[in-house]
Each structure stands twice: as C-alpha cells, then as structure tokens.
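Worksheet for the structure shown next.
What you see below is based on every heavy atom in this structure, not just the backbone, and it leaves out hydrogens, waters and symmetry mates. Lettering of chains follows the sequences in order, A, B, ..., and the numbering in each one begins at 1.
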Number of protein chains: 2
Amino acid sequence: MAPDVVRPRAHRPRAATVERREKILQAAMETFGARGYHNGSLAEVAERVGMTQAGVLHHFGSKDLLLLEVLEYRDRSDVEHLEGRRPPGGLGLFRHLVKTARINAGRPGIVQTYAVLSAEAVTDDHPGQDWFRARFSTLRQTVSDALIEVCDADDLPDPADVDAAAASVLAVMDGLQIQWLLARDVVDLGRSTALAIEAILSAVVAGRERRRLL
Amino acid sequence: MAPDVVRPRAHRPRAATVERREKILQAAMETFGARGYHNGSLAEVAERVGMTQAGVLHHFGSKDLLLLEVLEYRDRSDVEHLEGRRPPGGLGLFRHLVKTARINAGRPGIVQTYAVLSAEAVTDDHPGQDWFRARFSTLRQTVSDALIEVCDADDLPDPADVDAAAASVLAVMDGLQIQWLLARDVVDLGRSTALAIEAILSAVVAGRERRRLL
DNA sequence: GAACACCTACTGACCACTTAGTAACTATGT
DNA sequence: ACATAGTTACTAAGTGGTCAGTAGGTGTTC
C-alpha cells in the first residue's frame, strides 16, 4: 500500500516550530524533574508552555517519545559550557566533572530532572531504561579510559579496580545530587564531589603500595 | 467532646493480623520497588497479598501511610543481620557498610525499593521526603563520627572535609546501586563500594600531606 | 492546495478513597 | 460455660478525579 520509503519531510521545519518544540522540552524537563515521569502529566507540561496537551502530543507523538527527547536535550546542555564539543581525557576529564558539579550547584532544576529520572528508570518497563543503561555504559568507559591515561603506563592497576573506580566516580556524583537536593544548605555539592573524585583518583593511581585500611 | 486520652486499644492485635500486615508491607515493598511509589497501585499490592485494595487501606489508612511504614520496615531489615541492634562505630562502621553492600548484591528487590524511593522522594510534595531527609541527616552524622574516631586525635582534618567525606560515602553507595540495578553483570557492587569507601577513608585519614592531584 | 500547528471534545482506563455491610473474633459479666 | 456487646477484618460497589491518547475540526503557512 503505502510506499516503504521514509517520507521526506515535505516542508523543512519553520523557525517558530523549532522554538516551540524547545519550549516544550524545557517545560517537560521542569515537569518531569518536579514530579517524576509517571506522576508528571502532559497537561502540566502543556500549561507551562501555554497550550493544550493535545498540542504537545502533536509535536512529540507520545509521552514516552517526549521523555526520550528530554533526555537527549538535557545531555546537550551538559557539554554546552565546553568550548570543544566533547569532554577532555586524562586529568582534564576529572577537572571537567568537578567543574560540572560546581555549575550544577547553581541549577537545581536540571539536577533534579536527571536524578529523578535516572532512578525512576530502574523500575520495570520504564521507557527511559535503555537510554540510561547506554548512557552509564558510555560514561564508565570514558572515565575508565581517563583513569588509565592518568596512571603510569609501566604500573597499571588491576583492570577490575579501574572499572570499579570509574563506576564509583559516577556513583558519587549522582548520589551527592540526591542528598544535595534534599538538604541544599547542608551538603556542599562542589566540595564533596571534588574530595571524593580526588580520593578515588589517588587510590587508583597510587596503586599497590598504600592499602589495606579496612 | 471526645475525651482527650488516647483510646486504649480494646483488643490487642491478634497474631494473624500482625502476620497479615507484614505480608502487606512485603508486597508493598515489591510493588513500590518495581513500579515506584506513584506508579505502583494499591490494587497491585492487594493482589500480591490476595485481598482487595480496600482491605489494604483498612490496615494502613492511606497509601502515604503505607509508604512510611514500608520505609521503616525496610530499615529494620538493614540491621537484622547484626548481632547487636546498632551499627558499630570507627572502622567497624565502614566494614559494616561494605558488608551490607555485599549482602545487598544478593537481594536486588530491596535495593531497588530503596533506590527508587529515595530518588522519587526529591520530587515536590513527595510523602517520603521528610523521612529521607531525616535519614540522610542521621546517617551523615554517624559516618562523620566514625571518620573522626578513625583519625589521629592530634591531627584532625578540616571538619568540612569530614562532612564532605561522610556525604560522599553514602552517595557512592546509593549511586552504585542504581548503576548495578541497570547492569548487574557489569557493575560489581561489593568491589566498587569497598574500593570507593577505602579511597575516601584514606584521603581523609591521611589528611594534609598527600594531596593536590587535580 | 497541501502540509502544518494547533484546539475542542471525547474515550476508556485507572486511581485512591468511601460507604455500607457481613462474618468472625474477643473481652467481659453472669 | 455461655451469652452478648464491641471490635476487627475484611468485601462489594461505588464516587469523583486524573490520565494518555484520538478524532475531527479550523485557521495558517509554504
């Protein structure tokens, strides 16, 4: 019946439309951050942007698809403040992570969106699950590579320790965000992140000598 | 009108009722873990335990109250495997934390409940918010005390570093749980937790000498 | 004139919680 | 030992609300 070719967009999107879609993504980020994905409604997203929920669905098709686009959108804003498009390697990556934590301390909304959605994603059949699985996998690899780059090439640590350290670096950042969101005046996001990353870094780089405290 | 005294329970609860309530708590833990609090329904909890949702409400009054009792219930299971009722201080606490992580690697259900609910709790007006805020606050204090106990009393670190380290220890445990739940065969919960805690511990204890890697 | 950007109105599903009832159990007075 | 009054542990059947998604329309832009 219908031809199998991907229908080429008849008109390319107008500027006003692109702008409108971004407004919706922004509103959805706020809503999903404030209420979670399941508990946040399309009606609330629509209200924030001044239209009806049917209008939102017109642009994104379904709530699930909107979520995935929100995740991609948030990701972009993370590297926005970098001159180069990609995060650096080696020690520079860890400086970048600490700097990101400090920047995040000034934008609780975005932090909350990410923290809430990443944990919600581990629930059964969550539409963001695959996205987060892939994201963590990529990030762990990036951190692992940077760790190895920092180490003395003649005395590399146990690869399992490198992997464990990479996971820990990401974990401490995410975990601190949750504590910080619950007690912003008690938890110092930047300082804690810096201390923990430096500690893990030292432990892996210093390698075999120092150890066995526990 | 009604007398101000607390009405003394006319009958003390029967054994069968206590058992039933515990069955419901167990079922609710599974449901809230699998679906989240907002997305998990009382009907599902009820079905797991073989009754109607009105029956569940009879025992716990409301969904919010059920959540709070679930949180308390989960807490109890955390110290169950300790002979003494309370976690130890000093180095023993950190050994306990690592041991808990290893035990948790064998019970993903409980881990998921906690991970999902703690992150969901940062959303606006979440009924578990106060509970988690208080819980993190207590835990941070416990870890801080243990850290100070481990340090040389003549050369105590900056209190702010102690606080940052305490938050980081808890953070890394929570963050690792989320990554582990998404990729159980890639992330080694026990090993990563041990490495990270040891690293943070060393960094704080070693104190002023070693430093400035970043 | 064709695709687009909406809106209004609706559908069917699900939700927490209420009400009103029934049957079983328990404490108590005799 | 037994009746009985009060309480508990439910169920069935609602109530009113919210939700994502659909259908069909209208004006607007290319």
Side-chain angles (χ1 to χ4, degrees), chain A residues 2-3 6-25 27-28 31-32 34-70 120 123-128, chain B residues 2-3 6-25 27-28 31-32 34-70 120 123-128:
Chain A
V6 179
R7 172 140 34 117
R9 240 174 157 23
H11 307 276
R12 92 195 108 90
R14 333 170 201 167
T17 300
V18 174
E19 211 174 294
R20 195 74 139 143
R21 281 178 57 103
E22 186 155 337
K23 277 262 165 61
I24 295 173
L25 288 173
T31 295
F32 293 160
R35 321 275 265 188
Y37 171 70
H38 281 299
N39 196 38
S41 70
L42 289 177
E44 185 180 325
V45 174
E47 198 195 11
R48 272 184 210 261
V49 79
M51 65 194 304
T52 64
Q53 49 139 326
V56 172
L57 283 173
H58 166 73
H59 283 286
F60 292 94
S62 76
K63 198 188 178 189
D64 283 15
L65 289 173
L66 174 60
L67 172 66
L68 295 180
E69 296 232 36
V70 165
E120 197 177 350
T123 57
D124 300 355
D125 305 318
H126 194 283
Chain B
V6 179
R7 170 139 35 117
R9 239 177 159 16
H11 307 277
R12 91 196 107 89
R14 333 170 200 170
T17 300
V18 175
E19 211 174 294
R20 196 76 139 139
R21 280 178 58 104
E22 187 155 335
K23 276 263 165 61
I24 295 174
L25 288 173
T31 296
F32 293 161
R35 322 275 265 187
Y37 171 70
H38 281 300
N39 195 38
S41 70
L42 290 178
E44 185 180 326
V45 174
E47 197 196 9
R48 271 184 211 261
V49 80
M51 64 195 304
T52 64
Q53 48 138 329
V56 172
L57 283 173
H58 166 72
H59 283 287
F60 293 94
S62 77
K63 197 188 179 189
D64 283 15
L65 290 173
L66 174 59
L67 172 67
L68 295 181
E69 296 231 37
V70 164
E120 196 177 351
T123 56
D124 299 356
D125 305 320
H126 194 283

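A/Y37 contributes atom OH, which lies 14.5 Å from atom CD of B/E120 (distance to the nearest 0.5 angstrom).
Computed from coordinates, the A/R35 CZ to D/dT18 C1' distance equals 12 Å when rounded to whole Å. Put simply, NE2 on A/H38 is 12 Å from C1' on D/dA20, counting in whole angstrom units. The interatomic distance linking B/L42 (CG) with C/dA16 (P) rounds to 4 Å, in whole Å. Between the P atom of D/dC10 and the CZ atom of B/R21 lies a distance of 11 Å, rounded to the nearest Å. Between B/D64 atom CG and C/dA16 atom P the separation is 11 Å, expressed in whole Å. Atom CD in B/E22 sits roughly 15 Å away from atom P in D/dA9 (whole-Å rounding). Atom-to-atom, NZ of B/K63 to C1' of C/dA16 comes out at 8 Å; the value is rounded to the nearest Å. Separating the CG atom of B/L66 from the P atom of C/dC15 is a distance of 15 Å, rounded to the nearest angstrom.
A sub-4.0 Å separation between OP1 or OP2 of C/dC6 and a side-chain N or O of A/R20 is present.
Nucleic acid contact class of B/G40 (heavy atoms, under 4.0 Å, all strands): sugar-phosphate only.
No donor-acceptor pair closer than 3.5 Å links the side chain of A/E69 to the backbone N or O of A/F60. B/T123 places no side-chain N or O within donor-acceptor distance of the main-chain N or O of B/H126, the cut-off being under 3.5 Å. In terms of modelled atom types and a separation under 3.5 Å, the side chain of B/S62 and the main chain of B/L65 share a donor-acceptor contact. Looking at A/R21, its side chain does come within 3.5 Å of a backbone N or O of A/H59 through a donor-acceptor pair.
For the contact set between residues 44-59 of chain A and DNA chain D, defined by any heavy atom under 4.0 Å, the members are A/Q53, A/A54, A/L57.
Partners of A/D124 under the side chain to side chain donor-acceptor pair (under 3.5 Å) rule, at least two apart in sequence or in another chain, do not exist in this structure.
With D/dT8, C/dC15, C/dA5 as the choices, the nucleotide that has an atom nearest any side-chain atom of A/T17 turns out to be C/dA5.
Annotation: B/E47, atom CD; neighbour count of heavy atoms from other residues, nucleotides and ligands within 6.0 Å does not exceed 12.
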